[in-house]
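Structure first, commentary second.
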Amino acid sequence: MNQNTPEIYTNFYRPDIDGLRAIAVCFVIFFHAFPTVLKQGFIGVDIFFVISGYLIGSIILRNLSLNNFSFLQFYVRRIVRIFPALLLVLFTVLIAGYCLLFQNEFQMLGKHLAGGTSFIANFIYFFEAGYWDTQSSLKPLLHLWSLGVEEQFYLIIPLILAFSWKRKYNVLLIIGIFFLLSFGANLFFYYQKQRELMFYMPFTRFWEIFAGVLLAWHTLFPVQFLQKTGQKINDLFCKILKKDFSEKKNYSLNNLLALLGFILLIISLQICHFHSFPGHRAVWPVLGAVLIISAGTSAYFNRKILSHKLLVGIGLISYPLYLWHWPLLSFCIILNGDLLEPYQWIFIRIICILSALLLSIITYCYIERPIRFGKLNKNKITGMLLILMLGIFTIGIGSYYKGELFDINDPTIKMPSYRNNDIVFKYTPETNIHGYANFKNPYSNKTIAVIGDSHAYAAFYGIAKKCTELKMNAVFFTYRYDGLKKEKKQEAAFNFLKSNTNIKYVFIFLRGMLYIQGKDLDYKNFHPILFVENYQSQLQNTVTALQDHGKHVFIVSENPVLPFEPKQFISHRYSFKTKSHDQAWISKESVYENQKEYLQILDKIQGSEIINGIDVFCPHDKCSLFDEKGNSLYSDDDHLSMYGSEYLTENLLAPYLEKIAQEK
């Protein structure tokens with residue numbers, strides 16, 4: 001195989017690829033803005049991956065064949081291409097977040113800013129996925145996960161191609177091996193039902209970009225078998241159509257490829273499902289994009305449709321358009337929640353799209369083009385861009401880990417956080433025990449244990465603070481009582497709890513209704529339904545085991561669960577509409593009715609003291625979301641905020657803790 005001279009060097013710019021970019025970005029934007037209308041528009045990201053692989057592969061292979069490839073210049077070009085628009089969007093999101101978000105929201109934005117600037121956003125969103133995950137529409141930088149995947153690919157592909165080329169290995173074979181390994185990982189985790197891992201991880205996504213690299217190789221160094229097969233197919237179509245296109249090389253074949261590629265994209269919009277993607281269904285949009293690009297500029301579809309000025313224009317601004325559209329949509333959702341009528345949402349989403357379009361044009365004309373194609377020294381510009389990116393990264397990290405430094409808004413809905421609070425620190429008495437501990441009183445021989453699920457996690461904040469005042473210590477361990485498989489760290493924590501003589505009192509908090517009903521009041525969270533008898537048996541076994549080791553066990557009943565999000569009743573600075581605090585209540589009767597089955601289970605548990613907290617949150621016929629100072633008692637529809645945790649402790653648990661503190 002001749003690796004010295006590629007078949008083509010001229011006319012590398014292809015307007016039809018910009019047209020394909022336009023289709024991809026329109027798919028994504030309409031999926032985000034109108035998900036019920038274009039449910040499969042997310043395949044636009046997969047089209048982008050193929051395009052990126054083709055263009056980057058072409059650039060690297062072209063320069064390698066000319067013996068002038070430079071790692072430094074490659075990354076300088078990537079930085080000059082990617083950083084300017086990204087920096088502008090990140091800086092704008094930072095300012096908007098500072099002005100519009102609550103403190104805990106801004107802290108989370110700081111983490112996402114750091115992830116976006118370091119191009120590891122996909123890893124961050126993967127590790128966030130799960131029980132505590134925030135709704136995706138409330139993350140203004142969520143879309144940067146795909147940019148992270150691309151940048152991670154840019155770190156390895158020059159090394160792979162340059163090393164293989166210098167060693168005179170079979171480059172096509174090596175690219176094919178990496179393609180198959182990544183595709184195999186994608187299928188493996190698909191059948192393992194590891195959806196988040198399959199969606200966000202680079203090694204399950206690289207095959208889509210490698211598909212573009214394979215196409216780039218075939219374009220520059222045609223594979224003889226494929227070339228001869230294509231020629232035979234082209235000749236066959238010429239005979240069928242009874243036309244001679246000899247002056248236009250492979251004209252019939254290219255038209256067929258472009259048509260098939262477009263059909264595959266349309267089919268992908270029907271058969272791909274977001275919650276099981278990428279998996280094997282991602283083959284169709286990837287193959288569709290490969291076929292369209294391989295058809296070249298001579299194909300009628302590429303020449304007349306994709307190369308149309310309108311599509312080319314959208315394609316040229318597709319990168320800033322992708323960057324701008326999601327933060328605008330996300331901030332509108334954050335500020336207004338579910339408070340707007342459907343017709344109002346349609347209007348606002350249209351305004352967001354038009355605004356993104358205008359901002360993208362401005363970004364392209366006055367930021368991207370002058371920096372990319374101007375006469376300024378590219379090495380100096382690269383240095384400045386790196387410094388600016390480092391600056392935003394530092395601000396992001398600072399706002400996340402030192403969020404209290406930013407007095408941005410009244411944090412009325414703050415979730416208890418043990419990373420940033422000086423009362424508590426990570427507790428690892430054994431390497432496989434995870435939890436949190438408050439040891440402000442090292443000479444005390446009294447330690448209060450709080451165990452359970454996420455409701456225990458939220459309640460621990462107030463209990464730990466009260467224990468500090470009473471000269472006691474407190475520990476928190478995650479431990480499940482739903483009969484599901486327990487992790488080793490939970491078992492180790494439970495064994496430690498039973499054997500520690502300083503721990504004589506254990507408070508258990510459980511989200512019992514979710515386990516036995518399988519859903520929240522808003523039907524958003526679903527959990528495997530457990531038989532009441534099994535759940536009761538598991539809980540009784542836990543209480544008995546603790547009692548046998550000399551522990552006094554308190555079970556605190558579930559706090560009222562809300563059928564709505566409390567953020568609806570808290571004003572962001574520029575919300576279009578907000579409900580008043582007077583509307584933020586549910587009836588006490590409905591709370592007791594909802595928890596009736598779970599309260600009956602608690603009544604049957606022997607050896608424990610039951611503490612019913614419903615009356616604390618519902619002193620009259622109504623249960624309010626706010627304390628007398630206007631702070632939200634909830635961080636979401638069922639978890640207590642830091643104020644709610646303190647409220648629960650002071651108004652319900654304080655007498656129990658004070659009595660324990662007075663014991664000798």
Side-chain angles (χ1 to χ4, degrees), residues 131-132 449-460 462-463 476-484 486 490 506-547 552-564 566 585-619 621-625 633-640 644-645 647-649 651-653 656:
Y131 183 80
W132 287 96
V450 178
I451 62 175
D453 53 22
S454 58
H455 282 200
Y457 176 91
F460 178 64
I463 295 174
F476 161 75
F477 295 125
T478 299
Y479 196 78
R480 298 284 291 273
Y481 305 90
D482 53 12
L484 299 180
K486 298 180 177 64
Q490 296 181 20
V506 180
F507 288 80
I508 299 176
F509 292 80
L510 298 169
R511 197 176 175 187
M513 291 309 301
L514 177 66
Y515 303 140
I516 60 179
Q517 289 185 347
K519 61 181 180 298
D520 275 341
L521 293 182
D522 58 8
Y523 294 93
K524 288 182 180 178
N525 284 335
F526 289 85
H527 186 279
I529 297 178
L530 303 170
F531 291 111
V532 172
E533 294 79 6
N534 292 344
Y535 183 79
Q536 179 180 328
S537 175
Q538 290 284 339
L539 182 55
Q540 181 64 68
N541 291 340
T542 299
V543 171
T544 301
L546 290 172
Q547 191 180 36
H552 187 98
V553 181
F554 299 94
I555 301 180
V556 185
S557 68
E558 187 173 0
N559 54 265
V561 175
L562 311 176
F564 46 72
W585 61 271
I586 55 176
S587 71
K588 185 175 182 178
E589 181 182 359
S590 67
V591 173
Y592 269 106
E593 181 62 29
N594 177 58
Q595 296 194 21
K596 179 180 178 181
E597 192 173 13
Y598 179 57
L599 291 173
Q600 290 174 349
I601 292 176
L602 296 186
D603 287 338
K604 297 176 182 178
I605 301 298
Q606 298 179 1
S608 66
E609 187 172 348
I610 308 301
I611 304 177
N612 191 328
I614 295 178
D615 291 343
V616 170
F617 292 92
C618 314
D621 294 335
K622 295 180 180 180
C623 309
S624 177
L625 276 68
L633 301 177
Y634 289 80
S635 62
D636 55 28
D637 61 339
D638 64 276
H639 294 98
L640 297 178
S645 183
Y647 181 88
L648 174 71
T649 302
N651 292 278
L652 180 66
L653 304 179
Y656 297 92

Between Leu602 and Leu539, which heavy-atom pair has the shortest distance, and what is it?
CD2-CD2, 4.0 Å
Apply side-chain contact (heavy atoms from CB on, under 4.5 Å) to the pair Val556 and Tyr656, showing each step before the final yes or no.
CA-CA 12 Å; Val556 185; Tyr656 297 92; over 6 Å; no
Heavy-atom donor-acceptor pair, Asn541 side chain to Ser537 backbone, under 3.5 Å
yes
Answer yes or no: is there a donor N or O on one side and an acceptor on the other, between the side chain of Ser645 and the main chain of Leu640, under 3.5 Å?
no
Within-4.5 Å side-chain heavy-atom neighbours: His639 and Arg511:
yes
Phe507 vs Ile611, test: side-chain contact (heavy atoms from CB on, under 4.5 Å). Steps then yes/no.
CA-CA 10 Å; Phe507 288 80; Ile611 304 177; 4.1 Å; yes
side-chain hydrogen bond (donor to acceptor under 3.5 Å, both in side chains) against Asp615, all qualifying residues, sequence neighbours excluded
Lys588, Tyr592
Check Ala456 against Val450 and note the closest heavy-atom contact, atom names and distance.
O-CG1, 3.8 Å
Heavy atoms only: give me the nearest His455-Asp638 pair and the separation to one decimal.
NE2-OD2, 2.9 Å
Donor-acceptor under 3.5 Å (Glu558 side chain, Gln595 main chain)
no
Looking at every non-hydrogen atom in both residues, tell me the closest pair between Ala459 and Thr649 and how far apart they are.
O-OG1, 4.4 Å
Considering all heavy atoms of both residues, which atom of Cys618 and which atom of Pro560 are nearest to each other, and what is their separation?
SG-CG, 3.9 Å
I'd like to know whether Asn612 forms a side-chain contact (heavy atoms from CB on, under 4.5 Å) with Leu599, so could you lay out the CA-CA distance, the side-chain angles of the two residues, the decisive distance to 0.1 Å, and finally the verdict.
CA-CA 9 Å; Asn612 191 328; Leu599 291 173; 4.3 Å; yes
Can Leu633 and Asn559 be said to form a side-chain contact (heavy atoms from CB on, under 4.5 Å), step by step?
CA-CA 10 Å; Leu633 301 177; Asn559 54 265; over 6 Å; no
Identify, with sequence neighbours excluded, every residue that meets side-chain hydrogen bond (donor to acceptor under 3.5 Å, both in side chains) alongside Gln540.
Thr544
Closest non-hydrogen atom pair between Tyr647 and Val616, with its separation
OH-O, 3.1 Å
Reported CG-to-OG distance for the pair Asn594 and Ser587, which is rounded to 0.5 angstrom:
10.5 Å
What distance separates Cys623 SG from Ile614 CD1, expressed to the nearest 0.5 Å?
8.0 Å
Do Phe617 and Val591 come close enough that some side-chain heavy atom pair is under 4.5 Å?
no
Can a donor-acceptor pair be found between the side chains of Glu609 and His552 at a distance below 3.5 Å?
yes
4.5 Å side-chain heavy-atom contact, Ile555 and Val543
yes
Does the side chain of Tyr598 reach to within under 4.5 Å of the side chain of Leu510, using non-hydrogen atoms?
yes
Mind checking the CD1-CG spacing from Ile610 to Asp603? Nearest 0.5 Å is all I need.
7.0 Å
